[in-house]
Amino acid sequence: MLFLPKKKTAVALKNTRETLFVNVLLPLPVAGFFTYRVPLELNDSICVGQRVVVQFGKKKIYTALVRAVTQKPPETEPKYILSILDAKPIVNEWQFRFWEWMASYYCCTVGEVMNAALPAALKLASESKIQLNPYADLSAETFSEKQIILIQTLQNQGKITLGEAVRAVEQLKIIPLIQTLIEKGIVTTEEEIEERYRPKIETFVCLSDEYRDEEKLQKLYSELERKALKQLEVLIEYIHLSQWLSEDLRDVSLPALSKRIKSASVPIRALEKKGVFILEERQVSRLTQRQSSSLIEDIRFSEIQQNAFDSIRNQFLEKNVVLLHGVTGSGKTELFIRLIQETLDAGKQVLYLLPEIALTTQIITRLQKYFGSRIGIYHSRYDENERVEIWKNVLPEGSKSNPYQVVLGARSALFLPFENLGLVIVDEEHDSSYKQYDPAPRYNARDSAIYLASLHKAKVLLGSATPSVETYYNAVEDKFGLVSLNERYGGIRLPEINLVDLRQETKRKQMKSIFSQQLLDHIGRSLDAREQVILFQNRRGFSLHIACTNCDWIPQCVHCDVSLVYHKKANHLRCHYCGFTLYVPEKCPDCGYAGIQMHGFGTEKIEEELSIFFPSAQVQRMDLDSTRSKYALQKIISDFEEQKIDILVGTQMVTKGLDFDNVSLVGILNADSLLSYPDFRSYERSFQLMSQVAGRSGRKNKQGNVLIQAYNIHHPVLSCVVNHDYQAMYQTQILERQKFSYPPFHRIVRLTLKHQDADLVNHAAADLAQLLRKSFGKRVLGPEYPLVSRIRNLYLKNILLKFEKGISLPKAKGEMQQCIQALLAPPTYKQVRIVIDVDAM
Ligand code: ADP
Ligand code: ZN
Ligand code: ZN
């Protein structure tokens, strides 16, 4: 049982004359706490979980977090804390426990976890850059003298660091003032302010209540048919876009409607006059809250869903974690909605994790229908002020005015100050983007969610159509509960999947560049039927690389050990690891031959070729390159929903959980490239990717089609995909994992050594492996070069440790860290960086 620090008792402890000290956490990769002295006048205000400003080192100031208030003086004379930033704690005891667990499990410092957990605006330090918000209304506020000096400095100098601000005002105590200015939105941290304060207004077309009636609408139809065909056309298009037939009215924006019909504005206005349409100006913003419009009671489960739902509840009586294994479109989300409602009814909070923000747009609309303004969204594309707003709204104090009882977010949402968590949903639990690669903490959000939930005595529901082998194993072993949904909702059949043999097609001269004739025919048929198509290719860019046909020269990145990828639109070669670019040489720089050829292909090439084969189709690419700006992704998704796009070409992004109604065909252009990736998870991943992207096809009305192009159509994973046979994939994989000592039977810890000097890395890695072997013997593998052995001018070498399940992990990690310390002790190796990745993926 955990107790929150009670402010009363803490105060009672304190005698105003007493000398108090605080142990604080700094957002830095240094281990342990730092002790500062509390000025007497702050004795009454100081408490655990508050932020304080401290000086660290000679000149730097940091925001630190109070972890403990004590009377015990440290050994060396402590500095005073400079100020207190919060009236009340902003971090609670559960969070501290969670951070401490994470640091110990993933072998990093609590400071590093704190750094990941707190939004930047809550952890200002000397280096933090601040600037005036150009959209702020300065005349509406009154400022102190110091604040005025600061504002003037910002007006003159633009962006300055906090350290510079302190010097400008000649006073350290300015920091709480800056904090106040940030909270008021007058000063911002260095984030994308432009997009934040430009509220976007858009006009929406709504059907008036009067005409939401089937009969009235019919009458209107026949009336318009006789007198106003143009209006009828508009109305029909509106009905189509708003998905009237599915009884699930979507918002239709005026531009969206106008785009579909030539000179639509007159008939739209006419329908408005008649009282059929209501035109509404709305601010489209991320924090705009919607009112809930549907009732949970209106969800009618199918019998299978009801059984699954009952089973989940029953299993929660005994198990803390339940896996919901349901095929794509089986109605998992509807089950989640009902469970969320029950948790809220019990007065508890819900955390709904999604692997990618790409998915939030769609899920949020579905959830807001039921939970309205009780939902907060939290992810890294939000700017800092919004993040702080949500942070504060999850806090109990905030909850009176604006209760975020449900938080939907990507992995960082785990760090919010929950007080009373009842349920954590981890949707698409198999997704590898739940793992943070860099920087520390290198945590897996799914696994961390399970720990977080245990602190709160909350339940965890893992959802997936293609569970990870680890999770399914846990379910089979009865550690987790297991509930399966094997049918799509509404009796719709899973898509029909067919393989296209590229070897045959090439022999028979049936290939049109990268497309088989079969695939082109299918695309053509879908387009004719006004249905949409999704094409998946794992690589972005135009071609994978270019090479000289005479001497095989391939352009390489100068900073990394990879070949460059050709991007046609930008007309350059680019490194996907560091961003280095190079113009395409006309002649081979090695041999002078003017015959450079492209090999392989990426999304950009598919996009271009499609426009040749289907000149009238609207083609859109969805990959990292086309979605860099903040709203680009959201726009592509909504354009596709509104059928402004006919063919969507994308990388992994298109595979994930998106729910479109009108997609009848999914094409996978090159399955071989997925399957040949050298990693013990590559079969599992390929199965997941292909099944997931296949699942985008034919969701609402009818069975969809999937075509997979491959050179080796006899690959066993492909037959699992074609037959929708998760079990077969699992059975073969689990045997492999056992045979070769991989998870879930062994835990993997990967150590990566990095340095600019290749020889030094090699020697250090060899020495470290030797040290580790003394403790761990055969559990040590390597050192080995990773697939890409140099990134941004740092040479890399990996050592893999495999720990069997029975072994005490904390002890093993302790020994491992001792070996690392021993290695780094002599000055020769001091500069070698070692990254520890626990449960590396
Ligand atoms: P999943 O999350 O398993 O992919 P969804 O929850 O998205 O499946 O359900 C697929 C489709 O079926 C969605 O359009 C959803 O609205 C619909 N659906 C699922 N269950 C129900 C239900 N009980 N009543 C009405 N529609 C449902
Ligand atoms: Zn050459
Ligand atoms: Zn590079």
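First listed ligand is number 1; within each ligand, the first listed atom is number 1.
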Would you please indicate if the ring centroids of Tyr795 and His755 are separated by under 6.0 Å?
-> no
Could you verify whether a donor N or O on one side chain and an acceptor N or O on the other, from Arg446 and Ser468, lie under 3.5 Å apart?
-> yes
Heavy atom of Arg488, distance to ligand 1 below 4.0 Å = no
Would Asn474 and Glu470 count as having a side-chain donor-acceptor pair, cut-off 3.5 Å?
-> no
Contact atoms of ligand 1, heavy-atom distance to Arg300 under 4.0 Å = 22 (C), 23 (N), 24 (N)
Say whether Val327 and ligand 1 are in contact under the criterion: heavy-atom distance to a ligand atom below 4.0 Å.
-> yes
Is there a nitrogen or oxygen of Gly329 sitting under 3.5 Å from a nitrogen or oxygen of ligand 1?
-> yes
Taking only heavy atoms of Arg366 into account, list the atoms of ligand 1 that are under 4.0 Å away from them.
-> 5 (P), 6 (O), 7 (O), 15 (C), 16 (O)
So the atoms of ligand 1 within less than 4.0 Å of a heavy atom of Thr333 turn out to be 2 (O), 5 (P), 6 (O), 7 (O)
Mind reading off the angle at the Zn ion (ligand 2) between the SG atom of Cys591 and the SG atom of Cys548, rounded to 10°?
-> 110°
Report yes or no: is the cationic atom of Lys797 (NZ for Lys, CZ for Arg) under 6.0 Å from the centre of the six-membered ring of Tyr785, at an angle within 45° of the ring normal?
-> yes
Short N/O distance, under 3.5 Å, between Ser330 and ligand 1?
-> yes
Can you tell me if Ser691 and Thr466 form a side-chain donor-acceptor pair at under 3.5 Å?
-> no
State whether a side-chain donor-acceptor pair under 3.5 Å links Glu428 with Ser464.
-> no
Which option out of Phe336, Tyr489, Phe660, Phe301 puts a heavy atom nearest to atom 26 (N) of ligand 1?
-> Tyr489
